[in-house]
Every structure is written in C-alpha cells, then in structure tokens.
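To start, the structure under review is shown below, and the notes come after it.
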Amino acid sequence: MAFFQAKSTSTASKHSVDPAHQPWVEKYRPKTIDDVSAQEHTVAVLKKTLVSTNLPHMLFYGPPGTGKTSTILALARQLFGPDNFRNRVLELNASDERGISIVREKIKSFARQTPRAQAVASDGNVYPCPPYKIIILDEADSMTQDAQGALRRIMETYARITRFCLVCNYVTRIIEPLASRCSKFRFTPLDSTSTSSRLSYIASAENIDVDPEVISTLIETSGGDLRRSITYLQSASRLSSSTNPPVPITPHDIQEIAGVVPTASINDFVRTLGISVIEDMDVDGLPTKGKLKGFNAVQKKVKGIMREGYSASQTLSQLHDTIILHPTLPARQKAKCALAFAEADKALCDGADEELWVLEVGLRIHKAVTIS
Amino acid sequence: MSLWVDKFRPKTLDDLHYHQSLSARLKSLAASADFPHMLFYGPSGAGKKTRISCTLRQLFGSGVEKLKIDQRVFISPSKRKLEINIVQSNFHIEITPSEAGNYDRVVIQDLLKEIAQTQQVDLNAKHRFKVVVINEADSLSRDAQAALRRTMEKYMSNMRIILCANSTSRLIAPIKSRCLLMRVAAPNPEEMQMVLEHVAKKLKFDLPEEASQQIAEDCGGNMRKALLVFEALKMQSPDLSGSLKIAKPDWETYCHKVADLIVQEQSPARILEVRAKLYELMTHCIPPTIILKTVAERVVERVDEAMKADIMHWAAFYETRMRLGNKKIYHLEAWVVKVMSLYKHFMYNFDMADFE
C-alpha cells in the first residue's frame with residue numbers, strides 16, 4: 001500500500017497543473033449551462049439557442065461574480081466541444097492589449113476567417129458545432145471608446161460567420177451603437193439560497209466541514225458575489241487545514257479574511273457618535289466617567305480605527321448599514337447621515353485622504369444626532 | 001554600519017515580536033503546498049514589508065536574501081521609454097509600478113506576463129512558482145488593476161502575487177476577491193516598548209521604562225519612526241536618563257508654527273505670511289496632504305469646541321479638491337482663508353448666513 005501511495009504523489013508533482021492547487025473558482029466553473037447557479041431567465045433563453053444553434057450578438061452585464069464569463073464559456077464549450085473550442089473561440093480580456101490597433105488587426109483577422117471544418121469530437125459526444133465563431137470580449141467596459149467604435153462595422157460585416165459576446169460590469173460604459181447591436185442579458189446578484197447550495201456542494205466535494213453559520217457569514221460578507229464567497233471559503237479552508245491539528249472554520253475567520261471590521265468596534269464607534277446601540281440599551285444608562293466627549297472622543301476613535309488598519313470604505317459601508325437600519329433613529333437624521341456617506345464615498349473614489357473623511361463623516365453624524 | 005531599523009529587522013517569522021497569530025498563519029500557509037495570492041494592508045510602519053520578507057524567507061530559504069538590483073526599460077504604446085528599478089532574487093521579484101506613473105499598466109502587463117510564462121529553472125527550489133511583490137498597490141491605476149485580474153487566475157501555477165498597500169479602499173473589488181487579505185495593524189504601545197527593550201538588550205544597555213513609554217506614545221504606532229527616534233535619542237544622551245525631549249521633525253514644528261499664526265491673527269497680511277510658509281514646506285517636498293492634516297490638527301487643538309467640527313469639515317473638503325486639482329497651493333490657501341473667516345465670525349459673533 002505504501003508503495004502505491006509513494007508512486008501516486010510523485011506523478012502528481014510532475015503534473016504541470018495540479019488540480020489540488022487550482023483556485024476553486026476555476027475548478028468549479030460550471031461545465032454546462034445547466035450548472036450555472038441562479039440566472040434562470042438567461043439560462044432558459046440560452047438553452048433555446050443551443051437547440052436552434054443560432055446565436056445573436058450578446059451583451060452580458062451585471063455585478064462581479066454573478067457568472068457572466070462562466071456562462072459564455074460553458075455555452076461555447078457545449079456548442080463546439082473541446083476539440084473545436086480552440087479554433088472557434090477567441091477570448092480577450094483586460095490583461096491583453098486591446099487598443100484600437102488590436103481591434104483592427106487581431107480581432108478583424110479572426111473575425112474574417114471562414115470557420116474551419118468541424119473536427120470529429122474525440123470524446124464520442126455529438127456537438128452542434130454551428131458554422132460560426134465566437135469572440136468573447138471580457139471586461140469590455142475597460143475598452144476605450146475608439147476601440148469600441150472600431151468594432152461597430154466589424155460586428156456587422158462578419159455577422160454571418162462570427163458572433164460577438166461582450167461581457168462587462170457597467171452597461172453604461174459600452175457605447176450605444178454597440179449595445180444596440182447586441183441582445184442584452186442582465187445578470188442579477190445571486191440570492192442566498194443558490195449561493196448556499198453551491199457553497200455546500202463545493203464544501204462536500206472538497207471534504208471540508210462547514211457549519212451553516214459559516215455559510216451564512218460567507219453570504220453576508222460577499223453580497224451576492226459568488227466568486228468572492230468561494231475564494232473566501234478556499235482561503236479559510238487553507239488556513240484551517242494548514243494548522244496542526246486542523247481547526248474547524250469559524251465565522252470569525254471569514255470576517256478576518258474578508259477584511260470586515262468586527263461588529264464590536266463598529267458599535268463602539270457608533271456609541272461614541274452619540275447613538276445608542278440596541279445590544280446594550282440597558283447598559284447605556286450607566287454614566288461613563290472620565291471619558292472624552294464631543295470632538296476629541298470622535299477624533300480619538302477614528303485614529304484608533306485607522307491604526308488597526310481597517311480600510312475606510314469598509315468601515316463606512318458597515319457604519320452605513322448600522323445607522324440606516326437603526327430602529328429608533330428618526331428619518332430626518334438618517335437622511336442627514338446618508339448625505340454625509342454619499343459625499344465621503346465620492347471623495348474616497350477621487351482618492352482623498354481616508355482619515356480625514358472618516359473623521360468628517362463621524363463629525364457630521366455626531367452633529368446630526370445631537371443637535372436636531 | 002547600518003541604522004538600527006535595518007540592523008534589527010526580524011529575518012524570520014519566529015523573530016517577529018507582535019501579531020503572533022498572524023505570524024502563525026503565515027508560517028502554516030508557507031508550509032502548505034498551495035500558497036495563495038496575498039494582500040498585506042495596514043498603516044505605515046506597522047511591519048508589512050518585514051512580514052513579507054519573512055514570509056518569502058520561510059517559503060524559499062535564505063536564497064531570497066541574495067538580491068540584485070536591475071534597471072529595466074519598458075516602452076509605452078506612445079514609444080516613450082520608462083525606466084523601472086527592479087529588485088530581484090532567484091525566487092522573487094519586487095517592483096513599485098507607481099514609479100511609472102500613468103504607464104504602470106504597461107509595466108504590469110509586460111513584466112508579469114514575462115515572469116508568468118517562464119518557469120522556475122532551479123531544480124532545488126522549494127516551490128515551482130515565483131513570487132512577485134508589488135509595492136504601493138493602492139496607487140496602481142485602474143487600468144493596471146484591471147490588467148492584473150485575469151493574469152492572477154491564469155498563471156496561478158507559475159506565479160504568486162503579494163500586494164502591499166496602505167489601504168484597500170482604492171483597490172478594485174475583483175482584485176480584493178482574488179487575494180487572501182492580511183491585515184497588519186499598528187502595534188500598541190506595550191508591543192512597541194517590548195521591541196524597543198529587545199533592541200536595547202541586543203545592544204547591551206539599559207532602557208529606562210519612562211523613556212520607552214515616551215517614545216512609544218510619541219510615535220503613534222509607527223514602529224519604524226520609533227526605532228529611528230530611539231537611535232537619535234541614544235546619540236543625544238547616551239545614558240537615556242532624566243527627562244527626554246523628543247525632537248520633532250523640522251517640518252512638524254514648522255507646521256505648528258503655521259497653525260499658531262492662523263489662530264493668532266486673521267488678516268490679509270497674515271495670509272501672505274502663511275502662504276510664504278506653506279510654499280517653504282512644499283519646496284521641501286512635504287506632501288500637501290500631510291501639511292494640511294498636521295496644521296488642521298494643531299489648529300483644532302487650540303480653538304473652541306464649537307468650531308472644531310467645521311474646521312475638519314473644510315479640511316476634508318479642500319483636501320479632496322486638492323487631489324482633483326493641479327495647483328496644491330490654491331487649495332491650501334483656500335482652506336487657510338476659510339478657517340480665518342470662520343474664526344473671525346465665531347469671535348465677533350457675525351451672522352454667518354449673510355456670507356454663505
């Protein structure tokens with residue numbers, strides 16, 4: 001027995017891509033469109049095209065981690081099979097140079113080729129293999145306007161032998177003439193049931209124990225982004241299995257991996273701003289002696305949070321959730337807080353200093369709550 | 001003869017003094033076969049770089065310490081030549097793409113693809129992959145970050161990326177979701193004192209309790225600064241006893257002076273004076289954001305409670321404008337004028353509404 005084991009490990013190390021070390025997001029990418037989680041509407045439409053083997057130009061859009069790239073890859077694989085896949089599909093993404101020159105040369109030359117004859121599928125299955133090629137432009141919203149403009153005519157001229165599939169997060173970044181040439185498919189953030197079923201499937205396939213509590217934390221922290229939750233799960237399982245002896249994954253691990261600020265710190269901050277938090281309603285009555293008040297208290301707290309290394313955007317978004325969902329705060333005050341959050345978010349996007357803006361939000365909330 | 005900061009920099013994960021649980025994690029990750037992409041983030045001087053180099057050593061052994069510095073030339077699409085310094089060993093490569101400014105995307109695409117497509121040739125290497133350390137990842141442009149996305153997945157077998165950033169706010173979500181996030185918090189004062197005492201013990205002299213306490217408090221969680229201050233103090237008074245006076249950096253005292261000027265008098269003549277001082281600071285390469293923050297903090301200490309919030313509000317407001325705009329001095333001045341007018345209105349009880 002020992003002999004066999006030794007042999008199997010040596011062959012595994014020789015292999016160039018060891019599946020054990022593959023990211024799970026790649027390993028568990030759906031193989032067929034039926035495997036795609038949620039997105040029932042899109043899947044239903046695409047399945048019909050699979051039968052009729054006719055495909056329009058397509059534009060997939062939606063937030064990250066909802067299965068856009070996976071869907072088109074699975075669809076292409078089902079249409080062409082593994083043997084024809086390589087010469088029928090061209091996949092370009094933002095890591096490739098995609099300026100206007102590439103559109104004119106690489107894309108155009110691929111688009112104008114007549115599709116090669118269908119190779120006999122080696123795995124014995126029959127694939128529809130329709131007489132056209134597919135060009136997948138992943139992350140198309142990072143293409144320049146000019147490059148998109150150059151695509152317009154190409155899409156029409158070679159429509160008979162080439163179909164385009166644009167994949168992007170923000171449909172508004174795609175120029176109107178391109179968008180109008182495609183049939184649009186919107187991908188929605190995943191609901192919690194389909195995320196949890198997919199996560200439990202992966203967990204069972206990888207032989208790891210995952211509490212339902214951990215799964216709910218994963219769903220909470222990832223906000224409908226399946227890729228993010230799978231990556232977190234993989235990181236957590238790596239951490240837990242690398243210690244000796246292996247410890248089970250806790251929700252706390254997930255929060256640490258996700259960079260979430262602990263609820264206790266957020267509540268503490270909120271309390272400093274002069275809002276009582278439900279958990280300690282009864283404790284609130286106790287007078288806190290010797291504590292700083294007003295501006296200095298807020299400033300000190302913000303410095304503390306920044307020293308812990310939490311990112312401003314994460315802190316603000318959690319603060320936002322706490323305040324907006326607060327049960328007793330009047331709507332007017334909430335509205336004032338929301339205004340502060342919106343301005344801070346814009347400023348952070350522009351690259352402004354984090355500490356100043358967390359402080360600014362803190363002070364404005366403090367003012368809104370105490371004065372009015 | 002090197003500075004204490006470098007001389008006593010921990011070399012292995014076991015030598016690290018604080019964040020033991022983080023070190024344990026890094027150690028077990030380095031031991032396991034699948035090492036993920038990582039993102040270290042935390043305030044400056046918390047020990048991110050130290051932890052990265054310790055992790056690399058844990059991964060590959062002492063070979064990573066044989067460094068060589070290369071200068072590489074990249075050509076941007078508009079045929080401009082970009083020169084980038086690269087620090088590399090046989091097992092890893094360290095770059096600071098923000099040196100290339102707007103063209104950082106070219107550096108990322110070219111260099112990473114090149115590294116990703118070559119395999120480790122050293123047969124004795126412990127791991128098949130090379131590690132790419134990217135410094136100042138939060139100043140990468142959006143294009144460069146987008147270019148990283150797919151590369152990180154595609155070339156996982158040959159390459160791992162370690163990003164080092166001060167904050168995760170400016171990184172796009174797809175990058176964050178592909179990395180294992182490692183938060184390196186600033187050490188608390190007790191931990192800093194421990195490190196200072198450790199250094200003192202290594203150098204075989206006594207460090208009085210008060211002195212270490214004072215240094216730790218003064219440096220606000222920045223370990224690098226603490227060690228530098230410590231060394232400077234030791235030079236000044238070798239016995240480190242009695243009351244110590246920690247010398248503030250020049251620019252900081254200068255900023256405080258500016259703040260005092262603002263609070264003392266509010267007049268056009270004073271603004272001119274302040275302006276000259278601000279220019280002086282900027283010509284000495286003090287980043288405008290730091291100037292604004294230091295001055296604002298000092299001003300806030302010296303004014304009435306009712307004004308503090310407003311002053312910070314305008315500081316945040318003009319700091320953002322400064323980032324968007326081109327001429328930093330305009331916005332600094334605008335803030336000074338705003339603070340002066342606020343102060344005057346407050347002191348003489350003017351009705352603010354008429355001036356808005």
Side-chain angles (χ1 to χ4, degrees), chain A residues 16-18 20-23 25-26 64-65 93-97 99 138-139 142 222 225 227-228 231-232 234-235 238-239 241-244 256-259 294-296 299 303 306-314 344 346-348 350-357 359-360 363-364 366-367, chain B residues 24-25 27-29 31-34 36 41-43 46 77 108-109 112-113 142-143 146-151 153-154 156-157 166-170 173-174 176-181 183-186 188 220-221 289 292-293 296-297 300 305 308-309 312-313 315-317 319-320 322-324:
Chain A
S16 60
V17 182
D18 193 341
H21 301 163
Q22 237 182 331
V25 270
E26 290 294 322
N93 57 55
S95 61
D96 306 296
E97 179 65 51
D138 209 346
E139 294 150 34
S142 67
S222 60
D225 182 340
R227 177 177 47 221
R228 189 134 64 116
T231 324
Y232 288 162
Q234 185 175 19
S235 310
R238 262 185 197 136
L239 284 177
S241 65
S242 56
T243 47
N244 206 8
E256 183 64 39
I257 289 169
F295 177 81
N296 289 6
Q299 192 184 28
K303 276 209 180 325
M306 285 292 122
R307 264 180 70 158
E308 282 299 306
Y310 296 113
S311 81
S313 51
Q314 182 67 38
K346 165 86 172 84
L348 286 178
D350 288 337
D353 189 80
E354 305 205 327
E355 194 184 323
L356 278 177
W357 273 99
L359 183 59
E360 155 80 0
L363 290 172
R364 277 177 75 169
H366 184 63
K367 198 172 153 196
Chain B
R25 279 179 168 194
K27 204 169 168 186
S28 49
L29 277 175
S32 74
D34 56 340
Y41 66 103
I108 292 276
Q109 277 178 343
L112 287 194
K113 281 209 166 162
R142 267 172 175 272
D143 280 349
L148 267 180
R149 283 171 73 163
R150 194 68 190 137
T151 329
E153 282 177 352
K154 225 168 166 178
M156 188 79 182
S157 58
N166 273 338
S167 155
T168 55
S169 293
R170 252 166 273 163
K176 278 190 271 185
S177 79
R178 282 174 176 84
C179 291
L180 180 53
L181 300 184
R183 183 171 59 86
V184 185
N188 57 33
T289 306
L292 184 59
K293 266 169 86 174
E297 263 166 37
V300 160
E305 172 78 24
K308 289 180 176 183
M312 283 325 268
H313 165 74
F317 178 83
E319 202 272 338
T320 315
M322 201 157 70
R323 298 271 173 159
L324 297 174

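The chains referred to below are lettered A, B, ... by the order of the sequence lines, with proteins before strands, and numbering in each begins at 1.
- Looking at A:Leu363, the atoms closer than 4.5 Å to chain B (heavy atoms on both sides) all sit in the side chain, from C-beta outward.
- One finds the NZ atom of B:Lys176 at 13.5 Å from the OG1 atom of A:Thr231 (value rounded to the nearest 0.5 Å).
- Per-residue heavy-atom pair counts under 4.5 Å with chain A were compared for B:Cys179, B:Ala315, B:Ala296, B:Ser167, and the maximum is reached by B:Ser167.
- Side-chain atoms of B:Ser169 come within 3.5 Å of backbone atoms of A:Ser313 as a donor-acceptor pair (strictly under, hydrogens ignored).
- Scanning all heavy atoms of the two residues, the minimum distance from A:Phe295 to B:Glu305 falls at N-OE2, 2.9 Å.
- Interface remark: B:Thr289 contributes side-chain atoms only to the contact with chain A (heavy atom separation under 4.5 Å).
- When each of B:Pro36, B:Ala31, B:Ala309 is scored by its heavy-atom pairs under 4.5 Å with chain A, the top score falls to B:Pro36.
- Among A:Glu355, A:Arg228, A:Glu360, A:Gln299, the residue with the largest count of heavy-atom pairs under 4.5 Å with chain B is A:Glu360.
- Looking at B:Ala46, neither its backbone nor its side chain comes within 4.5 Å of chain A, counting heavy atoms on both sides.
- Counting heavy-atom pairs under 4.5 Å between each of B:Leu292, B:Val184, B:Leu180 and chain A puts B:Leu180 at the top.
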Derivation of the side-chain contact (heavy atoms from CB on, under 4.5 Å) call for A:Asn296 and B:Lys308: CA-CA 9 Å; A:Asn296 289 6; B:Lys308 289 180 176 183; 3.4 Å; yes
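- Rounded to the nearest 0.5 angstrom, A:Ser311 OG and B:Leu181 CG are separated by 9.0 Å.
- Residue B:Leu29 touches chain A through both its backbone and its side chain, counting heavy-atom pairs closer than 4.5 Å.
- A donor-acceptor pair under 3.5 Å is absent between the side-chain atoms of A:Glu308 and the main chain of B:Ala186, judged by distance alone.
- The existence of a salt bridge linking B:Arg25 and A:Glu256 is excluded, since no basic side-chain nitrogen approaches an acidic carboxylate oxygen closer than 4.0 Å.
- Only the backbone of A:Ala258 comes within contact range of chain B, judged by heavy atoms closer than 4.5 Å.
- Residues A:Trp357 and B:Thr320 meet the side-chain proximity criterion, which asks for heavy atoms closer than 4.5 Å.
- Contacts between B:Lys293 and chain A at a heavy-atom distance below 4.5 Å involve the side chain alone, from C-beta outward.
- A:Arg307 and B:Pro43 make their closest contact through O-CG, 3.4 Å (heavy atoms, listed as atom of the first residue, atom of the second, distance).
- A distance-only check finds a donor-acceptor pair linking the side chain of B:Arg323 to the backbone of A:Gly351 [under 3.5 Å].
- Rounding to the nearest 0.5 angstrom, the gap separating the CD atom in B:Glu297 from the CG atom in A:Leu359 is 8.5 Å.
- In this structure, the side chain of B:Glu319 engages the main chain of A:Asp353 through a donor-acceptor pair within 3.5 Å.
- With a 4.5 angstrom heavy-atom cutoff, B:Arg178 touches chain A via backbone and side-chain atoms both.
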